[in-house]
K.L.:
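Can you read through this structure? Questions will come right after.
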There are 2 protein chains.
Amino acid sequence: MTEIEKTLENHQVRPTAMRILIYKYLAEKEVAVALTDIESAFAKAERTTLYRTLKTFEEKKIVHQIDDGTGISKYALCESGCNCEIDQDLHLHFHCNNCNETVCLTEHKIPQIKVPDGFVSENVNLVVKGICDKCSGQ
Amino acid sequence: MTEIEKTLENHQVRPTAMRILIYKYLAEKEVAVALTDIESAFAKAERTTLYRTLKTFEEKKIVHQIDDGTGISKYALCESGCNCEIDQDLHLHFHCNNCNETVCLTEHKIPQIKVPDGFVSENVNLVVKGICDKCSGQ
DNA sequence: TAACTAGTGCAACAGAAGTGCATTTATTGA
DNA sequence: TCAATAAATGCACTTCTGTTGCACTAGTTA
Ligand SMILES: [Mn+2]
Ligand SMILES: [Mn+2]
Ligand SMILES: [Zn+2]
Ligand SMILES: [Zn+2]
């Protein structure tokens with residue numbers, strides 16, 4: 001049993017061939033991926049299967065969904081520092097206006113946000129847009 | 001010439017009947033509105049007209065678009081404190097998980113966010129989700 | 001092995017966003 | 001004032017993303 005298979009089972013996800021492939025793909029990418037990205041990477045796979053795999057991964061906290069403001073859902077593996085389970089203390093995301101890629105900045109936590117009286121904050125989504133390290137050329 | 005007509009012309013938007021109505025609608029609502037909201041408020045109007053009116057308003061800085069993470073674009077009038085023009089110093093938005101409405105918290109500015117070396121921050125989108133003042137009951 | 005459960009493939013649908021083009025309305029200037 | 005021009009609107013259609021229903025297959029369990 002491989003490392004990936006163990007990881008999946010730890011999250012109560014049965015390690016099917018497709019799931020292992022998708023997990024590998026996500027692990028190799030350093031950026032958040034959209035469903036269509038996976039779709040074009042696995043031309044032979046069915047879109048629905050990929051879709052449901054992502055949903056399962058999300059539900060079982062293997063990946064977290066990212067709303068980067070493009071209108072397209074992105075997904076990235078939850079790593080240490082992700083803290084998806086507790087829905088608190090989340091990291092921020094960076095979307096590059098040049099290469100259009102979105103990355104997790106897991107080491108950058110979202111600061112405490114004050115809201116007016118009467119409002120109850122449950123969670124926070126923070127996306128910084130600009131130029132990423134690869135594109136800024138430095 | 002009414003106040004609204006003046007406002008539209010100040011932004012280089014010709015004050016047609018439809019535009020004035022939509023502006024009024026936006027001004028009366030305290031929450032951010034989606035295209036479909038306007039659509040149902042003006043049953044007789046054409047969706048494309050409403051769509052293009054919002055685009056024009058956005059382009060001319062009469063409204064700002066809000067991405068609240070629901071996947072549906074919302075729009076709200078730019079007021080003093082909005083600062084859309086300079087794409088900096090923006091306010092945060094609050095999305096209620098109960099009533100599903102999104103409001104501008106114009107008085108609440110987005111704090112300065114640090115990004116890693118090599119990354120250049122151009123703008124920031126911050127959405128707090130939770131329970132709004134009306135729904136929290138206090 | 002039989003019964004059951006989970007995963008996959010295929011088809012179809014829904015909603016939002018966007019485009020092309022003809023028609024109507026408003027503006028301009030001869 | 002009226003023709004030429006430009007802007008706004010209405011209608012039809014398309015694309016894209018996400019989502020669901022259902023039949024079939026593979027895997028698990030008793
Ligand atoms: Mn992330
Ligand atoms: Mn706002
Ligand atoms: Zn980039
Ligand atoms: Zn509410």
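Letters go in sequence order (proteins before strands), and every chain restarts at 1.
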K.L.:
Looking at B:Lys55, I'd like to know whether one of its side-chain N or O atoms comes within less than 4.0 Å of OP1 or OP2 on C:dG18.
P.N.:
yes

K.L.:
Can a donor-acceptor pair be found, under 3.5 Å and without considering hydrogens, that links the side chain of B:Lys74 to the backbone of B:Glu101?
P.N.:
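No: the side chain of B:Lys74 does not pair with the backbone of B:Glu101.
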
K.L.:
Could you check how far CD1 of A:Ile20 sits from P of C:dT8, rounded to whole Å?
P.N.:
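To the nearest whole Å, that distance equals 10 Å.
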
K.L.:
In residues 31-51 of chain B, which ones come under 4.0 Å of DNA chain C, going by heavy atoms?
P.N.:
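When residues 31-51 of chain B is checked for heavy atoms under 4.0 Å from DNA chain C, the hits, listed by number, are B:Thr36, B:Arg47, B:Thr48, B:Tyr51.
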
K.L.:
Go through residues 3-19 of chain B and report each residue with a non-hydrogen atom lying under 4.0 Å from DNA chain C, sorted by number.
P.N.:
B:Arg14

K.L.:
Looking only at atom types and distance, does a side-chain atom of B:Ser136 sit under 3.5 Å from a main-chain N or O of A:Gly118, one as donor and one as acceptor?
P.N.:
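Yes, the answer is positive, given that a donor and an acceptor are paired below the 3.5 Å cut-off.
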
K.L.:
With sequence neighbours left out, what residues match A:Lys6 under side-chain contact (heavy atoms from CB on, under 4.5 Å)?
P.N.:
A:Met1, A:Glu3

K.L.:
Walking along DNA chain D from 5' to 3', note the first and the last nucleotide with an atom under 4.0 Å from a heavy atom of chain A, and give both.
P.N.:
D:dT17 to D:dT28

K.L.:
Using only atom types and a distance under 3.5 Å, with no angle test, would you say the side chain of A:Lys114 pairs donor to acceptor with the backbone of B:His108?
P.N.:
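Absent.
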
K.L.:
Supply the members, apart from A:Tyr51, of the Ile/Leu/Val/Met/Phe/Trp/Tyr cluster built from side-chain contacts under 4.5 Å; use none for a lone residue.
P.N.:
A:Ile4, A:Leu8, A:Val13, A:Met18, A:Ile20, A:Leu21, A:Ile22, A:Tyr23, A:Tyr25, A:Leu26, A:Val33, A:Leu35, A:Ile38, A:Phe42, A:Leu50, A:Leu54, A:Phe57, A:Ile62, A:Val63, A:Tyr75, A:Leu77

K.L.:
Any side-chain heavy-atom pair from B:His95 and B:Val103 closer than 4.5 angstrom?
P.N.:
no

K.L.:
Identify, with sequence neighbours excluded, every residue that meets side-chain hydrogen bond (donor to acceptor under 3.5 Å, both in side chains) alongside A:Thr53.
P.N.:
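If we apply the side-chain hydrogen bond (donor to acceptor under 3.5 Å, both in side chains) test to A:Thr53, skipping adjacent residues, there are no hits.
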
K.L.:
Can you list the steps and then say if B:Glu59 with B:Thr56 is a side-chain contact (heavy atoms from CB on, under 4.5 Å)?
P.N.:
CA-CA 5 Å; B:Glu59 207 175 305; B:Thr56 304; 5.6 Å; no

K.L.:
Looking at A:Val127, A:Leu105, A:Val124, which hits side chain to side chain contact (heavy atoms under 4.5 Å, CB included) with A:Leu92?
P.N.:
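That would be A:Leu105.
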
K.L.:
With a sphere of 6.0 Å drawn around CD of A:Glu30, does it hold more than 12 non-hydrogen atoms of other residues, nucleotides or ligands?
P.N.:
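No, because the 6.0 Å sphere around CD of A:Glu30 holds 12 heavy atoms or fewer from other groups.
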
